[in-house]
Amino acid sequence: MTSKDRYNFKTVETKWQEKWHKSKVFKAKIDKSKDKFYCLEMFPYPSGKIHMGHVRNYTIGDVLSRYKSLKGFNVLHPMGWDAFGMPAENAARENNLDPKDWTNKNISTMKEQLKQLGLSIDWDREISTCSEEYYKHQQLFFLELYEKGLVYRKENYVNWDPIDQTVLANEQVIDGKGWRSGAIVERKKLNQWFFNISKFSQDLLDGLDNLKNWPNKVKIMQKNWIGKSFGCEISFETEGDVPVKEIKCFTTRPDTLFGFSFLALSVDHEISKYFSNDKEFQKFKTECSKTGTTEEAIAIGEKIGFKTNLRAINPLNPNQKVPVFFANFVLMDYGFGAVFGCPAHDQRDFDFAKKYDLDIKTVVKPDGENQNFEVDVEAYSGPGILINSKYLNGLKAPEESILKTIDILEQKKNRKKTN
Amino acid sequence: MAYDEKGNVVTIAKKDLPVKLPENINLNSKGNPLDSEKEWKNININGKKYTRETDTLDTFVCSSWYYLRFCSSDNEEYGFKQEEIDYWMPVDQYIGGVEHAILHLLYSRFFMRALGYKNKDFKFNEPFKGLFTQGMVCHETYKDQDNNWLSPEEIIYSDGKYLKKNDTNIQINVGPSESMSKSKKNVIDPENIINNYGADAVRLFILSDSPPEKDVQWSEQGMAASYKFLQKLWGLHNKVKEKIKINIVSSDRNNRLEKFTNQMIKKITNNLENFNYNVIIANIYETFNFFSKEIDNEIDSKILKDNYIKILTLLSPAIPHYSSECLEELGFDMKLSWPNEDKSLMQDDNIDYVIQINGKKRAILNESRGIDQDSLLNIIKSNKLSDKYLKNKVIKKIIFVENRLINLLVNE
């Protein structure tokens, strides 16, 4: 091969990258006469230099974008920087730099590197999350979400590093010690901001079914996580002397439904309107207001209830009908202001059941115990195997049992809808 | 957000946003550095004293809505323009690592619902219509005798042994291939590789080795092979270019070339639609082999050029610089568009079948793809080779490999 015949990639690649840059061929504009295609790769953290994982990720996206564009789609293929993070703070602290300078320098290095790959990106749309242009909008979103009640403040236990005086994420606690200071981490209660994700947990679960172009394994991971962290809603049919057909409960442990022995409502639940003329109920309500509303106050305070004549039916076992109470430990801002009681596996429910002489049916046994295991002096809320739960018996709790129960409840609900 | 002197929450007025972070702050203070920034922290609203919230939003929040910002990245007034997200959203294809499969995706899905809550204009629930999770890039790991990690650059391979480059008395223990990470030093710097081999060769290699959803093993040999392949492809390009220049007008339409191109359009299109990107690279190799042989036959220049342009278009998503250069060299300056397969050519989609008699190749028949054993046998029987090889013989056994060959075992 003569040198003339050699493919000189350096000249060719530089030439085309400049051409693409100057002619802005990848600039995306709205064109309603064309179908759009929005191709997005997860944006990088500007840690310093690009790595091979980026090369692979962005090559895959680039192949797709270029193909769709040739197919006649109006393609949007942008890139930006996920630029806030602890590495900047740490690097700045170690090298006595300004975190802003460090981040911006990395961004410009990495941008040059990505350009060398010949990616078909509309760089006019580049964003950096640490720029004021970005985070000012985010602050506004936060206020809007706060106004809509989707952001709230709550006391919560955190990992506290007493030397660095800072909250640590679970991953930052190594063998019970702070990752940087090495100090023994304390449990501390702090007021923190939370997003009310659980408000949408059912919708977040249901929505997965419509995502046909997602890998199944990711959908399962999402389901597991949502089920474990946020639970699901269960509708209990009711019978009794007030015109209520159904009460919705929210629970993170649907798998303990066979241990169901009462249903408890907040005194502010909408059903309370049927009791507005009931003097006993009014007295009870006043009594309830004496208990604090923090989780701690509820946990240590005495559990008191007001029994109604309603009976709730177990959706997994329609022959089982249990009493419905108003109770001081149920607050309107949790779930729907209604919980189902499973005394064997929740200490609060256990205390309540002891007081009002309700059934305590064990449905989870710890690993290593036999089938006859029974909850005795306190509730068991740990992991184990389901027992006394008919077709759910033998499932691992909580990792298998929660989702299986959600599935079954879902099927029953759908069956009812179609009938 | 801020707190009054009793600790009650108040919101900062929207007109006073953004709350800017202070610059030049002391990062060596204890705890949250913002707590020590008294000038920033203590504020006055309408003559009353307040202190700012010093907890910052988790960085997860930033990545929960950035896909909306891209739709209208220069919009001053708000995070996005309704008209623009109505056109661009949802993301049709989202691509990233599976390590973000839980929280990032969940928070993004939540954020869309939160924005749409009590807001009729916001019609989206799901941000990502399609999701693809690619595998990791892996490399062997190396340790010296004292259990220290070594980087690939510090190693040489000689006489079947891995040795330390600057001290070849030290033998290296080769560990399993693992995802590239700084802590294990099994990292290859893309910048050097791109400088040495070029972006297209890197793209070719990173796509070729395994399906995009699986892990890929980085190997210097594989990388070098991709580079060499591009050089060979360029050699072929020069041949094709010359052949087009000679301007042959032939009455023979050379159906083989058109059919091959058409098949490639079908194959590569399907493979692109299904993320079989590694197979596309195999298709490119196949194309090279076909053209290398075909180029020595007489081909009508116009037909050659038309089909070659289609082929270059098919290559362009994977190796865009190379394809653009070749197309320019051919004087092609129109807007490139993806070629459609010609159904009429597909209808008589024929392939070559090897016909063996007692294990010896006796003929090649060009017959339709997917033909069954009996039909092929009938064709053979009706062919003149039957007179020569099968007359007065009994077929005892038939070995038939679909789309490949048929072997007739006959008595002598």
Side-chain angles (χ1 to χ4, degrees), chain A residues 5 7 9 12-13 16 30 36-42 50 52-53 55-57 59-61 63-64 66-67 70-71 76 78 80 82 84-85 89 92-93 113 116-118 125 127 129 132 135-137 139-141 143 145 148 150 165-166 197 200 203-204 207 213-215 218 221-222 225, chain B residues 11 14 17-20 27 30-31 59 62-63 66-67 69-70 73 79 87-88 91-96 100-102 106 109-110 113-114 117-118 125-126 129-131 133-134 137 180 188 190-191 194 198-199 203 206 212 230-231 234-235 238 272 277 317-318 320-321 324-325 336-338:
Chain A
D5 297 332
Y7 175 59
F9 71 83
V12 172
E13 290 182 355
W16 286 97
I30 290 183
K36 63 93 186 180
F37 191 88
Y38 185 177
C39 179
L40 182 67
E41 298 101 301
M42 291 180 185
I50 64 165
M52 277 299 170
V55 173
R56 190 175 196 202
N57 194 169
T59 301
I60 293 169
V63 168
L64 183 64
R66 286 176 179 273
Y67 165 64
L70 289 166
K71 275 288 238 186
L76 172 60
D82 191 9
F84 271 129
E89 198 174 318
R93 198 174 278 141
Q113 292 182 315
Q116 279 186 11
L117 267 175
R125 291 177 187 258
I127 57 175
T129 58
E132 189 192 313
Y135 71 66
K136 73 175 184 189
H137 301 299
Q139 291 177 354
L140 183 58
F141 287 148
L143 283 185
L145 263 52
K148 290 198 264 192
L150 296 174
Q165 302 267 305
T166 185
I197 298 181
F200 302 107
D203 194 46
L204 286 163
N213 295 322
W214 277 41
V218 175
M221 287 158 88
Q222 289 270 309
W225 184 268
Chain B
T11 56
K14 289 176 184 170
L17 295 183
V19 175
K20 289 188 203 175
L27 291 174
K30 283 268 174 262
T59 57
C62 295
S63 53
Y66 77 111
Y67 48 87
R69 186 67 191 157
F70 278 133
S73 56
Y87 179 78
W88 291 112
V91 172
D92 294 277
Q93 188 64 58
Y94 196 36
I95 307 168
H100 300 293
I102 297 182
L106 183 67
R109 298 178 65 223
F110 161 74
R113 285 164 172 82
Y117 183 62
K118 296 184 180 170
N125 253 349
E126 293 294 340
K129 193 172 159 203
L131 173 72
T133 52
Q134 92 272 0
V137 184
M180 287 188 183
I188 300 287
E191 193 168 9
I194 296 171
R203 294 167 66 116
I206 204 122
L230 267 188
Q231 292 294 347
W234 182 252
N238 282 324
L272 278 166
Y277 290 178
H321 310 87
S324 303
E325 184 71 9
L336 207 56
S337 67
W338 197 252

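Below, all heavy atoms of this structure are taken into account, side chains as well, without hydrogens, waters or symmetry copies. Chain naming here is simple, since letters A, B, ... match the order of the sequence lines and numbering starts at 1 in each.
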Q: So which part of A:Tyr38 gets closer than 4.5 Å to some heavy atom of chain B, the side chain, the backbone, both or neither?
A: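 For A:Tyr38, backbone and side chain are both near chain B.
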Q: Compare all side-chain heavy atoms of B:Val19 with those of A:Gln139 and state whether any distance is below 4.5 angstrom.
A: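 Yes, close enough: below the 4.5 Å cut-off.
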Q: Rounded at 0.5 Å granularity, tell me how far CH2 in A:Trp16 sits from OG in B:Ser324.
A: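 Separation between the atoms: 4.5 Å.
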Q: Flag the pair A:Trp225 / B:Leu106 as yes when at least one side-chain heavy-atom distance between them is below 4.5 Å, and no otherwise.
A: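 A side-chain contact exists here, since the closest heavy-atom pair is under 4.5 Å.
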Q: At a heavy-atom separation under 4.5 Å, does A:Gln222 approach chain B through its side chain, its backbone, both, or neither?
A: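 Contact with chain B is through the side chain of A:Gln222 alone.
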Q: By side chain to side chain contact (heavy atoms under 4.5 Å, CB included), which residues pair with B:Glu126, not counting sequence neighbours?
A: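 By the side chain to side chain contact (heavy atoms under 4.5 Å, CB included) rule, B:Glu126 matches A:Leu211, B:Arg109, B:Arg113.
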Q: Heavy-atom distance under 4.5 Å between the side chains of A:Met52 and B:Ile206, does that happen here?
A: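 A:Met52 reaches B:Ile206 side chain to side chain.
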Q: Side chain from CB out, backbone as N, CA, C, O: work out which of these in A:Leu76 comes under 4.5 Å of a heavy atom of chain B, or both, or neither.
A: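 Its backbone and side chain both get close to chain B.
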Q: Measure the NZ-CD distance between B:Lys20 and A:Glu132 for me, rounded to the nearest 0.5 Å.
A: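 With rounding to 0.5 Å, NZ (B:Lys20) is 4.0 Å from CD (A:Glu132).
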Q: Looking only at heavy atoms and a cut-off of under 4.5 Å, which of A:Thr129, A:Val63, A:Ile50, A:Thr59 has the most pairs with chain B?
A: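 Most heavy-atom pairs under 4.5 Å with chain B: A:Val63.
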Q: Rounded to the nearest 0.5 Å, what separates atom CG in B:Asn125 from atom CZ in A:Phe200?
A: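 So the gap between those two atoms works out to 9.0 Å.
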Q: What part of A:Asp82 gets within 4.5 angstrom of chain B, counting heavy atoms only: side chain, backbone, both, or neither?
A: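 The answer is the side chain of A:Asp82.
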Q: At their closest point, which heavy atom of A:His137 faces which heavy atom of B:Gly79, and how far apart are they?
A: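 In this case the closest contact between A:His137 and B:Gly79 is ND1-N, 3.3 Å.
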Q: I'd like to verify something: which residue of A:Pro215, A:Gly53, A:Gly61 has the highest number of heavy-atom pairs under 4.5 Å with chain B?
A: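 That would be A:Pro215.
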Q: State, yes or no, whether a side-chain contact exists between A:Phe9 and B:His321 at a heavy-atom distance under 4.5 Å.
A: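 A side-chain contact is absent here, since even the closest heavy-atom pair is not under 4.5 Å.
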Q: Checking the side chain of A:Lys148 only, and the main-chain atoms of B:Tyr117 only, is there a donor and an acceptor separated by less than 3.5 Å?
A: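 A pair under 3.5 Å: yes.
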Q: Return the option, out of B:Ala318, B:Pro190, B:Pro212, B:Ser63, with the maximum number of heavy-atom pairs under 4.5 Å with chain A.
A: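 The candidate making the most pairs under 4.5 Å is B:Pro190.
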Q: Can you name the closest pair of heavy atoms from A:Lys136 and B:Pro18 and give their distance?
A: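 So the minimum-distance heavy-atom pair works out to CB-CB, 3.3 Å.
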Q: Enter the distance from A:Trp214:CH2 to B:Lys129:NZ here, rounded to the nearest 0.5 Å.
A: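 NZ of B:Lys129 is found 14.0 Å from CH2 of A:Trp214.
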Q: Looking at A:Gly118 and B:Pro320, what are the two nearest heavy atoms and their distance?
A: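 For A:Gly118 versus B:Pro320, the nearest heavy atoms are O-CG, 4.4 Å.
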Q: Counting only N and O atoms by type, is there a donor-acceptor contact under 3.5 Å from the side chain of A:Glu13 to the main-chain atoms of B:Ala199?
A: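 Present.
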Q: Kindly say whether B:Glu191 contributes a backbone atom to a donor-acceptor pair with the side chain of A:Gln113 at under 3.5 angstrom?
A: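 No, because the side chain of A:Gln113 does not come within donor-acceptor range (under 3.5 Å) of the backbone of B:Glu191.
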Q: Which one of B:Leu272, B:Leu336, B:Ile194 has the most heavy-atom pairs closer than 4.5 Å to chain A?
A: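 If we count pairs closer than 4.5 Å to chain A, B:Leu272 comes out on top.
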Q: Which heavy-atom pair separates B:Phe70 from A:Gly80 by the least distance, and what is that distance?
A: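 So the two residues come closest at CZ-N, 3.5 Å.
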Q: So what's closer than 4.5 Å to chain B heavy atoms on A:Tyr67: side chain, backbone, both or neither?
A: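 The answer is both parts of A:Tyr67.
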Q: Measuring heavy-atom distances to chain A, does B:Tyr277 have an atom under 4.5 Å in its side chain, in its backbone, in both, or in neither?
A: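 Interface part for B:Tyr277: side chain.
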Q: Give a yes or no on whether the backbone of B:Ser73 and the side-chain of A:Arg125 come within a donor-acceptor separation of less than 3.5 Å.
A: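 Pair absent, no side-chain N/O of A:Arg125 close to backbone of B:Ser73.
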Q: Please report the shortest heavy-atom distance between B:Trp338 and A:Lys71, naming the atom on each side.
A: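 Between these two residues, the closest heavy atoms are CD1-CD, 3.7 Å.
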Q: Any side-chain heavy atom of B:Ile95 within less than 4.5 Å of one from A:Leu40?
A: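 No - every pair of side-chain heavy atoms lies 4.5 Å or more apart.
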Q: Kindly write out the residues that satisfy side chain to side chain contact (heavy atoms under 4.5 Å, CB included) with B:Ser337, not counting sequence neighbours, or none if the list is empty.
A: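 Applying side chain to side chain contact (heavy atoms under 4.5 Å, CB included) to B:Ser337 gives none.
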Q: Evaluate the side chain to side chain contact (heavy atoms under 4.5 Å, CB included) criterion for residues A:Leu143 and B:Lys14: first the C-alpha distance (whole Å), next the side-chain angles of each, then the deciding distance (0.1 Å), finally the verdict.
A: CA-CA 8 Å; A:Leu143 283 185; B:Lys14 289 176 184 170; 3.8 Å; yes
Q: Check whether any side-chain heavy atom of B:Leu131 sits under 4.5 Å from a side-chain heavy atom of A:Asn213, and report yes or no.
A: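 No, their side chains stay 4.5 Å or more apart.
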Q: Checking the side chain of A:Arg56 only, and the main-chain atoms of B:Gln134 only, is there a donor and an acceptor separated by less than 3.5 Å?
A: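 No: the side chain of A:Arg56 does not pair with the backbone of B:Gln134.
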Q: For A:Tyr135, is it the side chain, the backbone, both or neither that has a heavy atom under 4.5 Å from a heavy atom of chain B?
A: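 For A:Tyr135, the contact with chain B is made by the side chain alone.
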Q: Heavy-atom pairs under 4.5 Å with chain A: which of B:Phe110, B:Tyr94, B:Trp88 has the most?
A: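 Heavy-atom pairs under 4.5 Å are most numerous for B:Trp88.
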